[in-house]
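Residue numbers start from 1 in every chain, and the chains themselves are labelled A, B, ... in the order their sequence lines are given, proteins ahead of strands.
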Amino acid sequence: MSEEFTCWEETFFLRPTVKIARGLLGALLVRDLPEGRLVGRIVETEAYLQNDPACHGVRVLPEGGTVHRHTARNATMFGPPGRAYVYFTYGNHFMFNVITQPEDVPEAVLIRAIEPLEGLDMMTRLRGMDDIYALTSGPGKLTKAFAIDRTFDGHDLCQPPLRLVQGSPVPDPQVVPATRIGISRGTDLLWRFYVRENPWVSRTSR
DNA sequence: AGAATGATCCTCT
DNA sequence: GAGGATCATTCTC
């Protein structure tokens with residue numbers, strides 16, 4: 001029951017975004033609700049970069065190059081690091097990302113899967129199901145289990161009621177680099193990372 | 001204004 | 001493994 005949750009300094013989020021995606025494995029997501037606290041350990045992430053055709057902050061030119069793309073939806077991607085970028089997709093799901101890099105550089109890490117540690121009863125209620133391996137094993141699942149919606153877009157992740165804090169680092173032999181999921185461009189890049197053998201990882205193939 | 005798409009999930013076969 | 005749900009956002013004309 002220790003209250004010692006430690007955020008990162010801003011410099012953590014100014015390192016290369018692919019390294020941050022790797023480094024966020026093992027980090028904890030702490031969600032405070034009126035009914036209690038939810039805690040989970042990040043086990044799968046993906047990096048999205050400013051020159052990356054799959055990134056929301058990027059437009060692909062007909063000639064094949066890329067430029068930054070500002071829109072209403074992705075505005076927080078151009079904001080300061082250490083904040084949440086939350087958007088709605090497929091008519092059903094919120095996606096939760098961590099913004100990296102200085103202002104005006106649209107890069108982020110998508111949190112794809114979490115291992116639930118605390119508050120599993122509340123997560124089953126929020127998810128409307130009781131299979132613990134299905135609670136948080138996907139980007140849309142974990143936002144529902146943690147009650148994360150678009151009101152958190154732009155939220156400072158060092159502040160309650162939603163915090164991203166340090167956990168136990170995951171050693172290299174346990175980290176699997178893989179291709180990203182559900183995108184139509186940039187599919188060859190190994191910018192997804194997950195914890196080997198962890199049952200909450202959304203997809204273990206490549 | 002209308003069409004297409006989407007960093008997904010669930011159910012069914 | 002395939003297909004439908006479902007709608008906000010973005011793109012195209």
Side-chain angles (χ1 to χ4, degrees), chain A residues 17-18 20-22 24-25 27 29 40 42-79 83-101 105-114 116 123-155 157 164 176-194 199-206:
Chain A
T17 297
V18 175
I20 298 170
R22 157 69 178 86
L24 284 178
L25 295 179
L29 195 63
I42 294 173
V43 295
E44 183 182 354
T45 60
E46 284 178 358
Y48 288 88
L49 274 58
Q50 65 166 337
N51 60 351
D52 165 14
C55 179
H56 282 181
V58 170
R59 171 191 290 273
V60 179
L61 300 170
E63 300 78 30
T66 59
V67 292
H68 287 181
R69 171 180 74 164
H70 288 258
T71 67
R73 177 177 69 168
N74 70 17
T76 61
M77 286 201 84
F78 291 86
R83 310 264 179 137
Y85 167 47
V86 181
Y87 68 91
F88 185 70
T89 191
Y90 288 110
N92 275 305
H93 309 291
F94 294 102
M95 302 286 118
F96 170 62
N97 301 253
V98 179
I99 297 300
T100 64
Q101 306 309 309
V105 180
E107 300 196 352
V109 174
L110 171 69
I111 308 303
R112 284 195 57 89
I114 280 178
M123 293 183 204
T124 60
R125 241 175 289 139
L126 286 160
R127 283 278 283 125
M129 64 158 59
D130 53 11
D131 175 0
I132 66 165
Y133 295 109
L135 278 186
T136 53
S137 53
K141 300 178 190 177
L142 71 90
T143 53
K144 192 167 184 190
F146 274 67
I148 296 170
D149 61 20
R150 207 167 46 186
T151 64
F152 282 99
D153 188 38
H155 174 75
L157 291 169
L164 177 69
V176 181
T179 54
R180 296 175 295 179
I181 293 179
I183 54 174
S184 52
R185 294 192 262 227
T187 52
D188 52 331
L189 300 164
L190 298 177
W191 287 353
R192 180 164 75 103
F193 299 93
Y194 64 85
W200 281 273
V201 170
S202 66
R203 280 187 68 191
T204 57
S205 66
R206 17 161 103 180

Please report whether the ring centroid of His56(A) lies less than 6.0 Å from that of Tyr87(A).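 Yes, the ring centres sit under 6.0 Å apart.
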Would a line drawn from the ring center of His70(A) to the ring center of Phe78(A) be shorter than 6.0 Å?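 Distance test on ring centres: under 6.0 Å, yes.
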Can you find a side-chain donor-acceptor pair between Ser202(A) and Ser137(A) that sits under 3.5 Å?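 No, no side-chain donor-acceptor pair sits under 3.5 Å.
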I want to verify a distance call: between [options], whose nearest atom is closest to the [X] side chain?
X         : options                  : value
Arg73(A)  : dC10(B), dA7(B), dT10(C) : dT10(C)
Arg69(A)  : dC11(C), dC10(B), dA7(B) : dC11(C)
Ser184(A) : dA8(C), dA7(B), dG6(B)   : dG6(B)
Arg127(A) : dC9(B), dC10(B), dA7(B)  : dC10(B)

It should be established whether [X] places a side-chain nitrogen or oxygen under 4.0 Å from OP1 or OP2 of nucleotide [N].
X         : N       : result
Arg185(A) : dT5(B)  : no
Arg59(A)  : dC11(C) : yes
Arg150(A) : dT9(C)  : yes
Thr71(A)  : dT10(C) : yes

Between Asp153(A) and Arg150(A) (side chain of the first, backbone of the second, donor and acceptor by atom type, cut-off under 3.5 Å), is there such a pair?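 Absent.
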Quick one: does Arg127(A)'s side chain have a donor or acceptor within less than 3.5 Å of a partner on Ala134(A)'s backbone?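 Yes.
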Just the rounded figure in Å: distance from [atom2] of [N] to [atom1] of [X].
X         : N      : atom1 : atom2 : value
Leu110(A) : dT8(B) : CG    : C1'   : 11 Å
Tyr87(A)  : dG6(B) : OH    : P     : 11 Å
Asn92(A)  : dG4(C) : CG    : P     : 16 Å
Arg192(A) : dT8(B) : CZ    : P     : 10 Å
Leu126(A) : dC9(B) : CG    : C1'   : 17 Å
Leu135(A) : dC9(B) : CG    : P     : 13 Å
Tyr85(A)  : dT9(C) : OH    : P     : 10 Å
Leu142(A) : dC9(B) : CG    : C1'   : 13 Å

Distance check, P atoms only: dA7(B) and dT12(C), in whole angstrom units.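 Their P atoms lie roughly 16 Å apart.
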Pick the closest DNA chain B nucleotide for Lys141(A) and for Phe88(A) by heavy atoms, then say which residue is nearer the 5' end.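 Comparing both residues, the 5'-ward one is Phe88(A).
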Suppose we define a pair by two distances each less than 3.5 Å, Watson-Crick or G-U wobble; what does dT11(B) pair with here?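 The answer is dA2(C), by the H-bond criterion.
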Taking the six-membered ring for Trp, does Tyr90(A) stack with dA5(C) (centroid gap under 5.5 Å, planes within less than 30°)?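 Answer is no, no stack.
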So Gly140(A), base contact, sugar-phosphate only, or nothing? Heavy-atom distance under 4.0 Å.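 Contact class for Gly140(A): sugar-phosphate only.
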In sequence, state the C-alpha distance, the side-chain angles, and the governing distance for Thr179(A) and Thr187(A), and then conclude on side chain to side chain donor-acceptor pair (under 3.5 Å). CA-CA 6 Å; Thr179(A) 54; Thr187(A) 52; over 6 Å; no
